[in-house]
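This report concerns only the one structure given below.
Predicted model only: the values in this text are computed from it and were never measured.
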Amino acid sequence: MTSEPRRHIRVSEFRFQIPRRNGEGTFPVPRHQLAWTDAFIDEETGDRYELAYVLEQLEAQGWDVHDLLKGRGTFRETVERLPLPYGGQFAPGDPTTRDA
């Protein structure tokens with residue numbers, strides 16, 4: 001056993017190390033961002049990495065990508081107005097009024 005005390009790593013703190021395309025080092029990807037983003041930006045170089053590239057690298061490292069993507073939401077386009085069940089419409093941004 002090690003002499004260091006065990007430290008629990010929260011999901012929001014866990015970072016995957018993804019190799020850069022040019023082969024010079026890695027950049028961190030927070031685990032919790034896999035569930036809600038489609039692209040990652042390397043802050044040091046400014047390069048944009050698509051989710052498919054990140055998942056490919058994680059799979060090469062031995063991670064189960066299907067398990068990492070559990071609970072992933074879907075992105076939908078924003079609508080101007082939503083219909084209400086008893087008539088009228090809801091205008092986003094102003095929850096206190098109802099348009100007739």
Identify whether Ile41 and Phe27 are in the same connected component of the hydrophobic contact network (ILVMFWY, side-chain heavy atoms under 4.5 Å).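 No: no chain of side-chain contacts under 4.5 Å links Ile41 to Phe27.
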
Give a yes or no on whether Phe40 and Phe14 share a hydrophobic cluster (residues Ile, Leu, Val, Met, Phe, Trp, Tyr; joining criterion: side-chain heavy atoms under 4.5 Å apart).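 Linked within one cluster.
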
Any idea which heavy atoms bring Asn22 and Glu24 closest together, and the distance?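 Scanning both residues, the minimum pair turns out to be OD1-N, 3.0 Å.
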
With no hydrogens and no angle check, is any side-chain donor or acceptor of Gln61 less than 3.5 Å from a backbone partner on Gln17?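 Yes, the answer is positive, given that a donor and an acceptor are paired below the 3.5 Å cut-off.
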
Before giving the answer on side-chain contact (heavy atoms from CB on, under 4.5 Å), spell out for Leu69 and His66 the whole-Å C-alpha distance, their side-chain angles and the decisive distance to 0.1 Å. CA-CA 5 Å; Leu69 293 177; His66 299 291; 6.0 Å; no

With sequence neighbours left out, write down each residue that passes salt bridge (charged side-chain N to carboxylate O under 4.0 Å, His left out) with Arg20, or none if nothing qualifies.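 In terms of salt bridge (charged side-chain N to carboxylate O under 4.0 Å, His left out), with neighbours along the sequence ignored, Arg20 is linked to Asp42, Glu44.
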
Test of understanding: with salt bridge (charged side-chain N to carboxylate O under 4.0 Å, His left out), list the residues that count as partners of Asp64, not counting sequence neighbours.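 For Asp64, no residue satisfies salt bridge (charged side-chain N to carboxylate O under 4.0 Å, His left out) once neighbours in sequence are set aside.
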
Flag the pair Arg31 / Phe16 as yes when at least one side-chain heavy-atom distance between them is below 4.5 Å, and no otherwise.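 In short, these two side chains touch, coming nearer than 4.5 Å.
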
Sequence neighbours excluded and cut-off under 3.5 Å, please list the side-chain donor-acceptor pairs for residues 49-59, or say none.
unit_1, atom_1, unit_2, atom_2, d
Tyr49, OH, Arg21, N, 3.4
Glu50, OE2, Arg48, NE, 3.0
Tyr53, OH, Pro19, O, 2.8

Rounded to the nearest 0.5 Å, what separates atom OG1 in Thr37 from atom NE2 in His32?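 It is 10.0 Å, given to the nearest 0.5 Å.
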
